[in-house]
Each structure stands twice: as C-alpha cells, then as structure tokens.
Amino acid sequence: MVHWSAEEKQLISSVWGKVNVEECGAEALARLLIVYPWTQRFFDNFGNLSSPTAIIGNPKVRAHGKKVLTSFGEAIKNLDNLKATYSKLSELHCDKLHVDPENFRLLGDILVIVLAAHFGKDFTPSCQATWQKLVGVVAHALAHKYH
Amino acid sequence: MVLSAADKTNVKGVFAKIGGHAEDYGAETLERMFAAYPQTKTYFPHFDLGKGSAQVKGHGKKVAAALVEAANHIDDIAGALSKLSDLHAQKLRVDPVNFKLLGQCFLVVVACHNPALLTPEVHASLDKFLCAVGNVLTAKYR
C-alpha cells in the first residue's frame, strides 16, 4: 500500500480543489492525442482528429477528457485504497479496451504539465513531486488487474 | 522520429523567448528532477543537492547550454552534441530512462514560467526535440 504523508495529501487536495475538471480533463486528453499521436489509435470513432485545432475542438475529446479526470477525482478521494477503487476500471482497460498501460503513464505526465501551466510558480517542486507520485500510483493501479 | 520544419521553428521560438533565463530553467529542471525522481540523485553523490546549491546551479547552466546549442544547430543535433554524446557513453553512462525524466521536468519548468508559450503544438515539438537530444546523448552507448 502506498503511503501518503500529511504534506502530500495537503498538496494534492489544495491543487485539486482549484482544478476545473472539465477544462483540465479536456486539455490533458487533447494534448495526449497531439503530443503522442499514436494514442489516437484508441479513438477511431471520435471523428475529426486530423489537426491540433480539430482535436482541441472535438466535443468527444472534451467529453472523454472530462470523464477521465472525473475518475481521477475518485482516486483522490480514495488514496488509501487505490487498487480496489480502480479494480473494475483496470479489468475494463485490459479486457475490453486493450489499452497498453504505458498510455496511463503518458497521460499522467501530460496532466502534470497542464497543472504546471495552470498554477505557474505555485506548482512548486514539492507539489510536482507529489503529483508525479500520484499519477504514477494511479497508472499502477489501473494496470494492476492486467493479465 | 523526425523534427519537421514546424517543429524546428517552434523549438527555436521557445529558446528565443526563454533567452537569458535558460540557465535558471536548467537549475530548476534539475531541482524538480531530484525532487520528483529521487533515483536521479544517484548520479550526483559528489554534489550538495540542498536548496540553492551552487553545484546544482552550475550544472543546470551546463544542461541549459547544451539544450540551447542543440536548438541553435537543430538541423544537426548529433553533430552539435557529438562530444557530449561521447562523454555520456564513455564516462557518465546515465541510464537512458533518465533523459525522459529530465525532459518531463524541463517541460514543467517551461509550463510554469510561460504557460502561454506552451501551446499543444509547441508542447509536441519541444517534447520531440527533448527526445531527440536524449537519443543523441545515448546513441553511442552500445
């Protein structure tokens, strides 16, 4: 089980409290699809992903980004029980969606960059360290049921 | 992975905007890397890694200078960083996985200080550039 210090929990909740889940989720997913275009392989039915502008404006990308980050919010509420929280989602990503767990790590790194752009200097090195740990742990939990 | 003409323009634009802050960005990149990825400290047992360390500042300046050099010779990064590539292969032997970690932290630094600069397109170009630099530095490892 992952241990979270009081300081880490504080850094997570204070950042999360100021995040617009819809905007942030949309931006993170759009950037994933733009910066690592091979990730588009999972979204054939999303319509127009032909350019950064198309991706950013794509309503399915926005909606899915919101869904993904909302789920992330669940993780934050259950920091001490992540594997159980994501057990079913992990099975889904393996058995139905067939997503290589490396993609969770890529999205996590992108999320950190989106937060950095949003919070600027307030996103201190300790803050980044805590969030890199969080996205890593979430990625690990999502990969846990893979077989 | 190939840098397009647009990528090169985007990267040069970033470094032009960063300008004289490159050294500070280098130091902050290292500081963030040591905090977020403590295993990277294993390459610096001889350094004082405390806050404000002069050694970290000095090393950050070197790292930044190399990135600036690569950006200034973006059509031939391998040529521009050839000596540095030899150094990493023969002496430093930093495990290749760490260049990605450094790259992530550099992107975070740029994002923190210049959010408007790091549009998705520029983000993509800069990420590709940093990968290219990492590839050059590890190219002669074996």
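Predicted model only: the values in this text are computed from it and were never measured. First the proteins, then the strands, lettered A, B, ... as listed; each starts at 1.
- There is no contact between B/K51 and chain A, counting heavy-atom distances below 4.5 Å.
- Geometrically, A/K133 engages A/W4 in a cation-pi contact defined by less than 6.0 Å to the ring centre and at most 45° from the axis.
- With respect to chain A, the highest number of heavy-atom pairs below 4.5 Å among B/A36, B/C112, B/C105 belongs to B/C112.
- Interface remark: A/T130 contributes no atoms to any contact with chain B (heavy atom separation under 4.5 Å).
- With 3.5 Å as the limit, one finds no donor-acceptor pair spanning the side chains of B/D24 and B/H113.
- Note: B/F44 and B/F47 have tilted aromatic rings, judged against thresholds of 30 and 60 degrees for the angle between ring planes.
- Neither the backbone nor the side chain of A/F119 comes within contact range of chain B, judged by heavy atoms closer than 4.5 Å.
- No donor-acceptor pair closer than 3.5 Å links the side chain of A/N103 to the backbone N or O of A/T39.
- Both the backbone and the side chain of A/K121 come within less than 4.5 Å of a heavy atom in chain B.
- When heavy atoms are compared at a cutoff of 4.5 Å, B/F34 does not approach chain A at all.
- Heavy atoms closer than 4.5 Å to chain A are found nowhere in B/S125, neither backbone nor side chain.
- Within the 4.5 Å cutoff, side-chain heavy atoms of A/K9 are placed close to those of A/D80.
- Within the 4.5 angstrom heavy-atom criterion, no atom of A/I55 approaches chain B.
- In terms of non-hydrogen atom pairs under 4.5 Å with chain B, the most contact-rich of A/R31, A/Q132, A/E27 is A/R31.
- Taking 4.0 Å as the cut-off between side-chain N and carboxylate O, A/E23 and A/R62 count as a salt-bridged pair.
- If you tally non-hydrogen atom pairs under 4.5 Å between each of A/A116, A/A30, A/A129 and chain B, the highest count goes to A/A116.
- Legend: residues meeting side chain to side chain donor-acceptor pair (under 3.5 Å) with B/N114, ordered by chain and number and at least two apart, are B/Y25.
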